[in-house]
Amino acid sequence: MIFSSDMPGGQGGKDLWLTEYNRREKTWGVPVNLGPAINTSGDEMFPYLSDKSQLYFSSNGHSGLGGLDIFK
């Protein structure tokens, strides 16, 4: 699962994080920050993973037209 959160350990603002579900143990793994290639000091939100494993998300920290632009 990819989700947006402002939990400690991020790049700043809201970051995108990845966690995996262990079906055998029925538990979620420790969230991993997707790092500075995706996350900025701004907000990264609304992640969507396509059926071709392409990540789409909104950000106001990457250069764009302003506001929450969509990135892939």
Side-chain angles (χ1 to χ4, degrees):
M1 173 174 58
I2 299 173
F3 64 96
S4 178
S5 176
D6 62 353
M7 59 192 218
Q11 306 295 316
K14 293 184 178 99
D15 286 355
L16 298 185
W17 299 78
L18 172 70
T19 186
E20 294 184 31
Y21 186 70
N22 183 320
R23 290 182 186 205
R24 181 176 290 164
E25 296 183 20
K26 298 182 180 178
T27 59
W28 287 97
V30 175
V32 176
N33 187 283
L34 294 184
I38 293 177
N39 293 314
T40 67
S41 60
D43 293 325
E44 283 68 48
M45 300 185 291
F46 314 117
Y48 170 75
L49 191 61
S50 76
D51 57 355
K52 295 181 180 179
S53 297
Q54 295 173 319
L55 176 62
Y56 294 83
F57 62 96
S58 292
S59 175
N60 62 10
H62 289 280
S63 295
L65 298 176
L68 287 170
D69 293 332
I70 298 174
F71 295 89
K72 174 178 139 184

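What you are looking at is a predicted structure, and each value in this text was computed from that prediction instead of being measured.
- In terms of heavy-atom proximity, S5 sits nearest to M7 at OG-N, 3.1 Å.
- Here the side chains of H62 and D69 are not in contact, with every heavy-atom distance at 4.5 Å or above.
- Closest approach of N33 to G10, counting heavy atoms only: ND2-CA, 3.4 Å.
- Within the 3.5 Å criterion, the main-chain N or O of P36 finds no donor-acceptor partner in the side chain of N39.
- Cluster annotation: L16 and Y56 are assigned to distinct hydrophobic clusters (Ile/Leu/Val/Met/Phe/Trp/Tyr, side-chain heavy-atom contacts under 4.5 Å, transitive).
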Show your working on side chain to side chain contact (heavy atoms under 4.5 Å, CB included) between D15 and L34 and close with a plain yes or no. CA-CA 8 Å; D15 286 355; L34 294 184; over 6 Å; no

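- Note on W17 and I2: separate hydrophobic clusters, where clusters join Ile, Leu, Val, Met, Phe, Trp and Tyr whose side-chain heavy atoms are under 4.5 Å apart, directly or indirectly.
- Atom CD1 of I70 has 12 or fewer neighbouring heavy atoms from other residues, nucleotides or ligands inside a 6.0 Å radius.
- With hydrophobic clusters built from ILVMFWY side chains whose heavy atoms lie under 4.5 angstrom apart, L18 does not share a cluster with M45.
- Between the side chain of S4 and the backbone N or O of F46 there is no donor-acceptor pair closer than 3.5 Å.
- Side-chain atoms of N60 come within 3.5 Å of backbone atoms of D43 as a donor-acceptor pair (strictly under, hydrogens ignored).
- Not a single donor-acceptor pair under 3.5 Å links the side chain of T19 to the backbone N or O of M1.
- The two residues F3 and P31 make their nearest non-hydrogen contact at CZ-CB, 3.9 Å.
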Derivation and outcome, side chain to side chain contact (heavy atoms under 4.5 Å, CB included), residues K26 and Y21: CA-CA 7 Å; K26 298 182 180 178; Y21 186 70; 3.4 Å; yes

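- To the nearest 0.5 Å, atom OG1 of residue T40 and atom NZ of residue K14 are 12.0 Å apart.
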